[in-house]
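Here is the structure we will look at.
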Amino acid sequence: MPRALAHTIVVAVLIGLLLLAFRSSGYEFRWEGVWESREMFLRGWLVTIGMSLAALVLSALVGLLAAMGLASRYRLVEALARVYVELVRGTPLLVQLLVGFYVVANAVGLENRYVVGVLVLALFSGAYMAEIFRAGLASIPAGQRDAARAIGLTPWQALRLVILPQAVRLVLPPVAGQLVSLVKDSSLLSVIAVSEFTLAAQQVNSLTYSTLECYLPLAAGYLLLTLPLSALARHLERRFAWEAGS
Amino acid sequence: MNLVVEGLVQRFGDATVLDGLDLRTGDIRALVLVGPSGGGKTTLLRILAGLDLPVAGSVAFDGVALPREETGLRAYRRRVGTVFQSWNLFPHLSALENLLLPLVHVHGLSRAAALARVRGPLERFRLAAEAGKRPAQLSGGQKQRIAILRALVVDPQRLFLDEPTSALDPEMTAEVLEMIGELSREGTRFVLVTHEMAFARRVADEVAFVAEGKVLAHGPATTMFDACPVPRVRDFFSRILP
């Protein structure tokens, strides 16, 4: 059976089951109020895209620094990177956002909640990026560094011409996967009142009292972003499957 | 080339791999290192090639001591060529780009000059048709011959080859040995670690038997293989030579 057909069947069955579940719950859909607030949804959706992208770029930088820190010869630098990664990965993003906004940002006088939101999101995602980059650098065989040294490259040339070009191919698929997580995690920005996609749905809901009519489009809006990203991640994985046999 | 090694010691953690190794060759073109696995051949070759620093001892080629710090060693590595058992080509670059990289980025040639430099050798060793392929698309023998060319096109003073055929099947082994043999006849100087005893006998000016971190015996190939006075070495050869 072709893969597209299999996907269609599975999705059709799921939608059918979902419709049955709604019917038996006796829920009456009222779309008018939500439709009138469509601009609010769209604005929130665009804010989500923008903040996710900004956080991704920043988190890639943070992650690269942290990955280099994890591999550092200096114990203090290594410890700093390790503590950062474990602390961030071990605590809920919700807590990080609240502490980041109401305690840290407040203390340093940073008031723009969009800036704080992007920063906290980038620091959060950066900890995962750090592990992705560390694993990518570690999976380059030792023979590659040997060969780079044998032909007389400087350490910086070896990194630039030999190690990084191979590591980038290895980390691109998991980085695309991390972007999928980032888009969904950005929904928590609503707790510090950033007018992104999820907050828009919550606000429309509190005006219209039509809960499912708000949250079903919300889910669809996120899928619209995450499905292409997942497809991109899989595509990159296939495209860079050459490797091996050096 | 004239090689003098004195009191070479190398340790990895608690393991002593080279244990005060001494070796003094005549003025020769080809030195072959043989001996049991784990005896220290590769460790010795890596030090001779300037890839590793020994814990103690000294190495001198033609009366010039090897540098003892990384910057000096890097300059030394640029003047010699090294070939590894598992070739270690750069998998993200085509065969041709693997050859151009050291010429352009280490030896400062323009791309055009580098291309002109590699064209002849590629044709001569029947690798021109393979130039555009990535290493993953090449056979093991082709990969190793490209790796030898990568070491060779920078015009090195000498080559270091670490078991260049140990990862290859017999047919590919023959094609790689043929290439090394041809280079040898033309006067390329090299130090070779190998288990191919018949080949060692043919190309070696001197053979050194390395075991237990020392050179147990060394001398001209014929003496070493047929009439070595050291019992340990005679035993080794009698077990592996037909």
Side-chain angles (χ1 to χ4, degrees), chain A residues 60 64 67-68 71-75 78 132-176 232-246, chain B residues 42 45-46 49-52 70-95 97-108 133-140 142-144 146-147 149-154 156 159-162 167:
Chain A
L64 199 59
M68 277 153 65
S72 174
R73 273 175 298 173
Y74 304 105
R75 286 279 161 78
E78 198 252 19
I132 292 174
F133 291 152
R134 190 199 55 74
L137 288 174
S139 60
I140 307 294
Q144 292 293 307
R145 287 182 176 82
D146 268 349
R149 293 180 66 231
I151 61 174
L153 294 179
T154 64
W156 169 242
Q157 283 180 316
L159 190 69
R160 186 167 58 87
L161 299 168
V162 176
I163 307 299
L164 282 184
Q166 297 181 54
V168 163
R169 289 165 163 81
L170 287 170
V171 304
L172 268 183
V175 163
L232 175 71
R234 275 198 307 278
H235 170 76
L236 290 173
E237 229 160 296
R238 276 199 302 276
R239 173 150 170 229
F240 293 130
W242 48 259
E243 51 76 59
S246 55
Chain B
T42 293
L45 191 85
R46 286 181 63 91
L51 286 168
D52 292 333
E70 179 57 21
T71 316
L73 269 184
R74 190 184 310 138
Y76 168 74
R77 291 196 296 265
R78 291 175 174 183
R79 298 194 299 271
V80 299
T82 302
V83 176
F84 300 91
Q85 179 178 347
S86 49
W87 35 85
N88 295 349
L89 291 176
F90 303 129
H92 58 299
L93 300 176
S94 69
E97 296 296 333
N98 265 279
L99 301 184
L100 297 181
L101 190 136
L103 288 172
V104 171
H105 291 279
V106 178
H107 297 271
K133 292 182 185 166
R134 288 256 173 81
Q137 299 167 284
L138 301 175
S139 75
Q142 289 170 335
K143 279 190 266 212
Q144 192 58 294
I146 290 288
L149 276 191
R150 180 175 67 181
L152 207 63
V153 289
V154 301
L159 286 183
F160 297 97
L161 304 112
D162 183 15

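Small disclaimer: the values here were computed from a predicted structure and weren't measured. Below, chains carry the letters A, B, ... as their sequence lines are ordered, and counting in each starts from 1.
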inquiry  = Contact between Arg149(A) and Thr82(B) at the side-chain level, heavy atoms closer than 4.5 Å - yes or no?
reply    = no
query = Counting N and O atoms only, with roles assigned by atom type, does the side chain of His92(B) sit under 3.5 Å from a partner on the main chain of Leu161(A), one being a donor and the other an acceptor?
reply = yes
ask   = Atom CD of Gln166(A) and atom CG of Leu93(B): how far apart are they, to the nearest 0.5 Å?
value =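 Between atom CD of Gln166(A) and atom CG of Leu93(B) there are 8.0 Å.
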query = Roughly how far, to the nearest 0.5 Å, is the CD1 atom of Ile151(A) from the CG atom of Asn88(B)?
reply =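 Nearest 0.5 Å value for the CG-CD1 distance: 11.0 Å.
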request  = Locate the shortest heavy-atom distance separating Phe84(B) from Ala147(A); write the atom from each residue and the value.
outcome  = CE1-CA, 3.8 Å
task = Write down the atom of Arg74(B), the atom of Leu153(A), and the distance for their closest heavy-atom approach.
result =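 Shortest heavy-atom separation between Arg74(B) and Leu153(A) comes out as CD-O, 3.8 Å.
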query = How would you list, by chain and number, every residue that makes a salt bridge (charged side-chain N to carboxylate O under 4.0 Å, His left out) with Arg150(B), sequence neighbours excluded?
reply =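 If we apply the salt bridge (charged side-chain N to carboxylate O under 4.0 Å, His left out) test to Arg150(B), skipping adjacent residues, there are no hits.
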query = Taking only residues two or more places apart in sequence, or in another chain, which ones meet Arg78(B) in a salt bridge (charged side-chain N to carboxylate O under 4.0 Å, His left out)?
reply =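 So Arg78(B) forms no salt bridge (charged side-chain N to carboxylate O under 4.0 Å, His left out) with any residue.
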Chi angles and distances behind the side-chain contact (heavy atoms from CB on, under 4.5 Å) call for Asp146(A), Arg46(B) = CA-CA 10 Å; Asp146(A) 268 349; Arg46(B) 286 181 63 91; 2.8 Å; yes
inquiry  = Heavy-atom pairs under 4.5 Å with chain A - which of Arg77(B), Arg79(B), Gln85(B) has more of them than the others?
reply    =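 The option with the most such pairs is Arg77(B).
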